[in-house]
Amino acid sequence: MKLFEIVTDEIQPEKYREAVVHPGAGAVTVFTGHVREWTKGVRTLYLEYDAYVSMAEKKMAEISEEVQHKWPETKIAIAHRIGKLKISDIAVVIAVSSPHRKHAYEANEYAIERIKEIVPIWKKEIWENGQEWKGDQRKKPLLEVE
Amino acid sequence: MKLFEIVTDEIQPEKYREAVVHPGAGAVTVFTGHVREWTKGVRTLYLEYDAYVSMAEKKMAEISEEVQHKWPETKIAIAHRIGKLKISDIAVVIAVSSPHRKHAYEANEYAIERIKEIVPIWKKEIWENGQEWKGDQRKKPLLEVE
Amino acid sequence: MITLYYFAGLRDKAGVDVEQVQLTGLKVRELLEYVSNKYEGFKGSLIHIAVNEEYALLDDIVKDGDVVAFIPPVSGG
Amino acid sequence: MITLYYFAGLRDKAGVDVEQVQLTGLKVRELLEYVSNKYEGFKGSLIHIAVNEEYALLDDIVKDGDVVAFIPPVSGG
């Protein structure tokens, strides 16, 4: 299996946990991001994710390199699902193993932050009365066309 | 299923993740603690865990109450396995869901720290040339018999 | 009658995992002294006491029917 | 010849997901101006540009055969 992948089918978190387990790993953290029904009082019907697949997988592998530079004994696997996702479906999974637990938590949280910053994946929220591509407008090094 | 349990069979982490997922949960962290082969240069052959089962389950439920007091929107499930465990087997699983990811990480890490402090479970390490019940001798409110 | 449980290394030292003794009205401290005199290796050990599945203080009184557990430093996780 | 990719909201605005254009030797900045004049709604949008799957700077030069992607603020996770 690929350790960094964009998938279209349901994510099976165990697959990624198993991919990072090894005899030296005493701790594994598996983060899953799920589709939430309510966001700031607005009810989501479902989500649609799109990605620049080849670049997204490359960027996820780069995040792994960053993680291994910061926490050398960790091992990490990441998958993001695209297409139509319903409430409670898993959009993203991050599995991190480490000899000791502290790094497994830290590296995992770092990875999700970086995914939200640099991996070309987009979320469209579909509500009862509309839909919108989400994107953090506050984020920095974007170009603004005038 | 019980949300706080001592088990004797192999732990299936997915069961606990699924137990805490709900439509308001945007993030789930699943921590698994695994049997590590090497600890400080000594090779472990296998581990044996023992527990004061009824009290251990009660203490795990208390940890859940602490967690929900500190992070009110989280939901948590905990299981610890006892008996003989081989390398890479899962000894403990903690699943925490939360609307937002930060609390899912924090609450999960808090829970494992508390498990290691107050839940009556003991680990015996079996090496090639001996065995020993582990226990942190530095920890505080124990009584010392003189 | 109270029930005494021993766990992990303390069980190994006591050679039993559970026993019943005719001792009530004692403080936890006194009960600890009792088992420490009875079983070799308890002296010098770090021990928690749980009464009815709750960690107890040295001055708590143990009543008839109570379940007392001798708990070495925990090492779960 | 360079290949242009559009994603998410920018794809909706462009009405295409990929196209090929005969423009080489331009700076990223100039290419951005080109598509912003071509497609309504690009002006005022926050846009990243990736050239051959790497985020590019405004002064980078786009060569023949390059693949250029117009990337709105990402929202994965």
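Lettering of chains follows the sequences in order, A, B, ..., and the numbering in each one begins at 1. All values derive from a computational prediction rather than experimental measurement. Only this structure's heavy atoms are used, side chains among them; waters, hydrogens and symmetry mates stay out.
- Heavy-atom contacts from other residues, nucleotides or ligands closer than 6.0 Å to NZ of Lys15(A) number more than 12.
- When heavy atoms are compared at a cutoff of 4.5 Å, Asn52(D) approaches chain A solely by way of its backbone atoms N, CA, C and O.
- Within 6.0 Å of NZ on Lys38(D) lie more than 12 heavy atoms contributed by other residues, nucleotides or ligands.
- Remark: Lys58(A) NZ to Glu54(D) CD distance equals 4.5 Å, nearest 0.5 Å.
- Side-chain contact check for Pro73(D) versus Trp133(A): every heavy-atom pair is 4.5 Å or farther apart.
- Contact of Ala56(A) with chain D is not made at all, since no heavy-atom distance falls under 4.5 Å.
- Contacts of Glu48(A) with chain D are absent, with no heavy-atom separation under 4.5 Å from either backbone or side chain.
- Top candidate by heavy-atom pairs under 4.5 Å with chain D, chosen from Ile118(A), Val93(A), Val92(A), is Ile118(A).
- Enclosure of atom CD in Glu73(A) is not indicated, since only 12 or fewer non-hydrogen atoms of other residues, nucleotides or ligands lie within 6.0 angstrom.
- In this structure, the portions of Tyr52(A) lying under 4.5 Å from any heavy atom of chain D include both its backbone and its side chain.
- Within the model, atoms CD1 of Ile115(A) and OG of Ser75(D) stand 13.0 Å from one another, a figure rounded to the nearest 0.5 Å.
- The aromatic rings of Phe7(D) and Trp122(A) lie parallel to each other, their planes meeting at an angle below 30°, with 60° marking the opposite boundary.
- For the atom pair CD1 of Ile71(D) and CD1 of Ile121(A), the computed distance is 11.0 Å after rounding to the nearest 0.5 Å.
- Heavy atoms closer than 4.5 Å to chain A are found nowhere in Arg29(D), neither backbone nor side chain.
- With chain D as partner, the option from Ala91(A), Ser54(A), Ala51(A) having the largest number of non-hydrogen pairs under 4.5 angstrom is Ser54(A).
- Taking all atoms of both residues into account, the shortest heavy-atom contact from Tyr49(A) to Gly76(D) is CE2-CA, 4.3 Å.
- In this structure, the portion of Tyr5(D) lying under 4.5 Å from any heavy atom of chain A is its side chain and not its backbone.
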side-chain contact (heavy atoms from CB on, under 4.5 Å) between Lys123(A) and Val74(D), intermediate numbers included: CA-CA 8 Å; Lys123(A) 170 167 71 178; Val74(D) 303; over 6 Å; no

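- The closest donor-acceptor contact from the side chain of His80(A) to the backbone of Gly77(D) lies under 3.5 Å.
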